[in-house]
Protein chains: 2
Amino acid sequence: MIPCDKCPLRRCQYFLPFTEDELAFMLRFKAGELTVEAGTTVLMEGSNSPQVFTVLSGMGTRYKTLEDGNRQVINFLFPGDFIGLQAGVMGEMKHSVEASAPMVLCVFNRSDLWNMFKAHPARAYDLTWIAAVEEHFLGESLTALGQRSAGQRIAWALLRIHHRLRAVGLETAGVVPLAFRQQDLADALGLSLVHTNKTLMQLRKSGLARWSDGSLAIADRTKLAEYAGSAPEPLEQRPLM
Amino acid sequence: MIPCDKCPLRRCQYFLPFTEDELAFMLRFKAGELTVEAGTTVLMEGSNSPQVFTVLSGMGTRYKTLEDGNRQVINFLFPGDFIGLQAGVMGEMKHSVEASAPMVLCVFNRSDLWNMFKAHPARAYDLTWIAAVEEHFLGESLTALGQRSAGQRIAWALLRIHHRLRAVGLETAGVVPLAFRQQDLADALGLSLVHTNKTLMQLRKSGLARWSDGSLAIADRTKLAEYAGSAPEPLEQRPLM
DNA sequence: CGTAGGCTTGAATATGGTCAATGGTTGTGG
DNA sequence: CCACAACCATTGACCATATTCAAGCCTACG
């Protein structure tokens, strides 16, 4: 198990640094590590997990399944993302979590959360901050689904994913690894698989973005952002739990 | 100014009750009241408000405006909703807030938030809980936009609004007041105004839901939920800030 | 009385969905 | 080593849902 003081994520500028005090707390707070292979369901909608997690490495999806079998991917999970807040404070998960690639998760005990609020207000504040960031991103997603065309949505999603992976140091010469299926993206953006495929093909042919064989290459982010109809967002720091 | 111990919202079963201790804290925490008329912008995207709010009465919208002038309504605001978390913890609002009807807001100083985390972990925990509830609702909205047809979306939205207003005691014989324009609903659901209008008309003709002149009447919630393709959700309690 | 804002309606159009079939790759068992 | 199944990506044809455009109506308000 990687102790928090040796956590590779702490080297990313994307995350706010820990104070000595916080680091000491996290070392005790981290209860273990969970390694899962691609395809594993980590948390189930409606479950009452005794644990909460932080993604240490790998990728996954949060999603909801509807009565009619349709699926909505709420968002994609990348290193540094916190999982299980709803179970943590509300007592029940409102969506499921599945690994799309081999994943390593830091495990925390839900019962320790309350202690954190009592004894470590700074960490509690950070957790709320993380929740606010999540809320912000969901608002962005909602805006994409509500106001953008299929092409713009896909461009926007690829940009956002690229941006997020760059933030955790997974980019090399404009290329990032991407472990999802086209179906996942389609389910995230409210598009059919067929249309998603055709649109991705267009982006590929126009040279704006190339996603195939688990790799996403974006040559000119500014141009893609223009196509997506969204300003390229700056890299804002956020806390890491 | 209504002191928190006399807050009418506390009488709603929808909200978890305060302990004596919490009530005492809230009495000091509440810094004032803000009364605005319909059409007023309470918070602007990008602003760095020194205050955060709770809706005491009235209705409003959270929304984002895009480069092209399009607008996405993130959600509707009702009594008991907390506003400004993002500015509170992240330092900047990511959406705007506008009053759709005369609104009274409880005002809190952003600078007191950190004191709350240090001195009142139970209230801090509740704030995180509120954030998690918000996240849950946004996920539901995302699912509605991504997976449901126009008719289902509108039925779903009307149900949810009805449900929320019932929770704060604003229902009388299946009827709730509703201060929004059709354009607001259209912008919330990613539909055009024209199509929203026609769909509302259909719901009216089929007798499932009747929204006109600022009143929404739902005769049979079960039937409407069936039409919306969603299970009628139970009333879950949440904290009030 | 004139204007503005919001609601209503019809017709033409387009964006994206559905259906159906094919190809490539991987893994498994005979 | 080959046959087969499973899974995912790809493509074409057709169709439906929802958008856009355009106009008329009603009410509130100055």
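A, B, ... follow the sequence lines: proteins, then strands. Residue 1 opens every chain. Here the structure is a predicted model, which means the values were calculated and not measured.
- The side-chain tip of A:R71 points at the ring of A:Y63 from less than 6.0 angstrom away and within 45° of straight on.
- Residue-level contact check: A:S212 touches neither bases nor backbone, having no heavy atom under 4.0 Å from any strand.
- A donor-acceptor pair under 3.5 Å is formed between the side chain of B:H162 and the backbone N or O of B:G174.
- When the P atom of C:dT8 is taken as reference, atom CD of B:Q202 falls 13 Å away, rounded to whole Å.
- The side chain of A:R204 lies closest to D:dT10 when the candidates are D:dA18, D:dT10, D:dT20.
- A close approach under 4.0 Å does not occur between any side-chain nitrogen or oxygen of B:Q183 and OP1 or OP2 of C:dC7.
- Of the listed nucleotides (C:dC7, D:dT20, D:dG12), D:dG12 has the atom at the smallest distance from the side chain of A:V194.
- The shortest distance between the side-chain N/O atoms of B:N197 and the OP1/OP2 oxygens of C:dT8 is below 4.0 Å.
- At the heavy-atom level, A:G190 lies under 4.0 Å from the strands shown only through sugar-phosphate atoms.
- Within the 4.5 Å cutoff, no side-chain heavy atoms of B:H136 are placed close to those of B:L138.
- Going from atom CG of B:D184 over to atom P of C:dG5 covers 15 Å, rounded to whole Å.
- Counting any heavy atom pair closer than 4.0 Å across all strands shown, A:T199 reaches no nucleic acid atom.
- Within 4.0 Å (heavy atoms only), B:G39 reaches no atom of the nucleic acid at all.
- Look at CE on A:M201: it is 17 Å from P on C:dG16, rounded to the nearest Å.
- You'll find that the side chain of B:Q182 is closest to C:dC7, out of D:dT10, C:dC7, C:dG17.
- Summarising the geometry, the separation between CG on B:D187 and C1' on D:dT19 is reported as 14 Å, rounded to the nearest angstrom.
- Annotation: B:F76 is in aromatic contact with B:F180 [ring centroid separation under 6.0 Å].
- Enclosure of atom CD in B:E67 by more than 12 non-hydrogen atoms of other residues, nucleotides or ligands within 6.0 angstrom is indicated.
- Within 3.5 Å, a donor on the side chain of B:K198 pairs with an acceptor on the base of C:dG10, or the reverse.
- The residue among A:T196 and B:R181 whose nearest nucleotide of DNA chain C is located toward the 5' end is B:R181.
- Between A:R210 atom CZ and D:dA9 atom P the separation is 17 Å, expressed in whole Å.
- For B:H195, counting side-chain heavy atoms from C-beta on, the closest listed nucleotide (C:dG16, D:dT19, C:dT9) is D:dT19.
- Here C:dT8 presents its P atom at 12 Å from CG of B:L203, a figure rounded to the nearest Å.
- At a threshold of 4.5 Å between non-hydrogen side-chain atoms, the residues B:Y14 and B:E236 do not count as touching.
- Here D:dA9 presents its P atom at 7 Å from CG of A:L193, a figure rounded to the nearest Å.
- One atom, CG of A:L145, and another, C1' of C:dG16, lie 14 Å apart when rounded to the nearest Å.
- Using a 4.0 Å heavy-atom criterion, one finds that B:L191 contacts the sugar-phosphate atoms exclusively.
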